[in-house]
Amino acid sequence: MRVWSKGLGNMTLNFDFDTCEANWEDDHLILTGWIRDPVVWNYRITFEDRDLRGLIRLGVSRHSLRYGMLVVLKKLFSFFNRGSEKDGEIQ
């Protein structure tokens with residue numbers, strides 16, 4: 001995920017959920033980690049109860065669902081296309 005803010009100017013930060021750690025603290029979900037490219041920056045994201053409604057709304061929005069379907073279709077196409085190339089059938 002790329003993160004941008006007006007305060008960053010033209011810079012975008014590359015945030016990777018695969019490298020963050022999740023912990024439960026004081027009834028909050030806490031994500032912590034480091035952004036290493038293009039700058040080294042540690043972060044802490046706190047999710048509260050009231051954030052859940054917004055996350056669900058975002059997750060089921062038509063734009064998010066469309067994006068998710070496109071990602072799944074690309075992965076399936078790549079999987080099946082790779083299998084046919086192994087059999088000598090290049091499409």
Side-chain angles (χ1 to χ4, degrees):
M1 175 172 70
R2 289 177 290 207
V3 180
W4 177 85
S5 167
K6 188 174 183 178
L8 293 172
N10 292 329
M11 185 185 319
T12 57
L13 302 176
N14 300 311
F15 179 84
D16 187 1
F17 282 109
D18 289 334
T19 61
C20 71
E21 291 189 20
N23 294 299
W24 188 255
E25 189 176 298
D26 297 327
D27 292 333
H28 297 85
L29 176 63
I30 309 292
L31 300 181
T32 56
W34 289 87
I35 293 174
R36 302 199 187 280
D37 180 40
V39 296
V40 178
W41 182 41
N42 66 327
Y43 62 86
R44 176 183 169 107
I45 301 171
T46 304
F47 288 101
E48 300 177 352
D49 294 345
R50 62 181 179 219
D51 297 322
L52 185 58
R53 189 171 118 203
L55 287 171
I56 290 171
R57 184 178 50 83
L58 176 65
V60 298
S61 73
R62 64 183 171 109
H63 299 295
S64 295
L65 293 173
R66 180 178 178 208
Y67 176 75
M69 288 302 296
L70 287 173
V71 169
V72 168
L73 289 173
K74 284 180 184 179
K75 295 290 184 183
L76 285 172
F77 178 77
S78 175
F79 175 76
F80 287 115
N81 194 31
R82 182 178 56 226
S84 65
E85 288 176 0
K86 288 180 182 177
D87 295 335
E89 298 174 21
I90 299 177
Q91 298 175 355

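Residue numbers count from 1 along this sequence. Every heavy atom of this structure was used, including side-chain atoms; hydrogens, water molecules and symmetry mates were not.
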Taking every non-hydrogen atom, the tightest pair across [X] and [Y]:
| X | Y | result |
| --- | --- | --- |
| N14 | I35 | O-CG2, 3.6 Å |
| D16 | Y43 | O-OH, 4.2 Å |
| S64 | G59 | CB-O, 3.7 Å |
| T12 | P38 | O-CD, 3.2 Å |
| F47 | I45 | CE1-CG2, 3.8 Å |
| L65 | V60 | CD1-O, 3.3 Å |

Q) After noting the C-alpha distance and the side-chain angles of F77 and F79, does the key distance pass the ring pair (Phe, Tyr, Trp, His ring centres under 6.0 Å) rule? A) CA-CA 5 Å; F77 178 77; F79 175 76; over 10 Å; no
(Q) Looking at R44 and E25, is there a salt bridge between them, counting it only when a charged N and a carboxylate O are closer than 4.0 Å? (A)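 The answer is yes: the pair qualifies as a salt bridge.
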Q) Would a hydrophobic clustering, with Ile, Leu, Val, Met, Phe, Trp and Tyr connected at side-chain separations under 4.5 Å, put L55 with F15? A)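 Hydrophobic grouping puts L55 with F15.
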Q: Find out if a path of hydrophobic residues (ILVMFWY) with successive side-chain heavy-atom gaps under 4.5 Å connects V3 to F17.
A: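 Yes, one cluster joins them.
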Q.
Check this for me: D49, atom CG, are more than 12 non-hydrogen atoms of other residues, nucleotides or ligands nearer than 6.0 Å?
A.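 No.
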Q.
Contact between M11 and V39 at the side-chain level, heavy atoms closer than 4.5 Å - yes or no?
A.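 In short, these two side chains touch, coming nearer than 4.5 Å.
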**Q.** Residue pair V72, L70: steps toward the side-chain contact (heavy atoms from CB on, under 4.5 Å) verdict
**A.** CA-CA 5 Å; V72 168; L70 287 173; over 6 Å; no
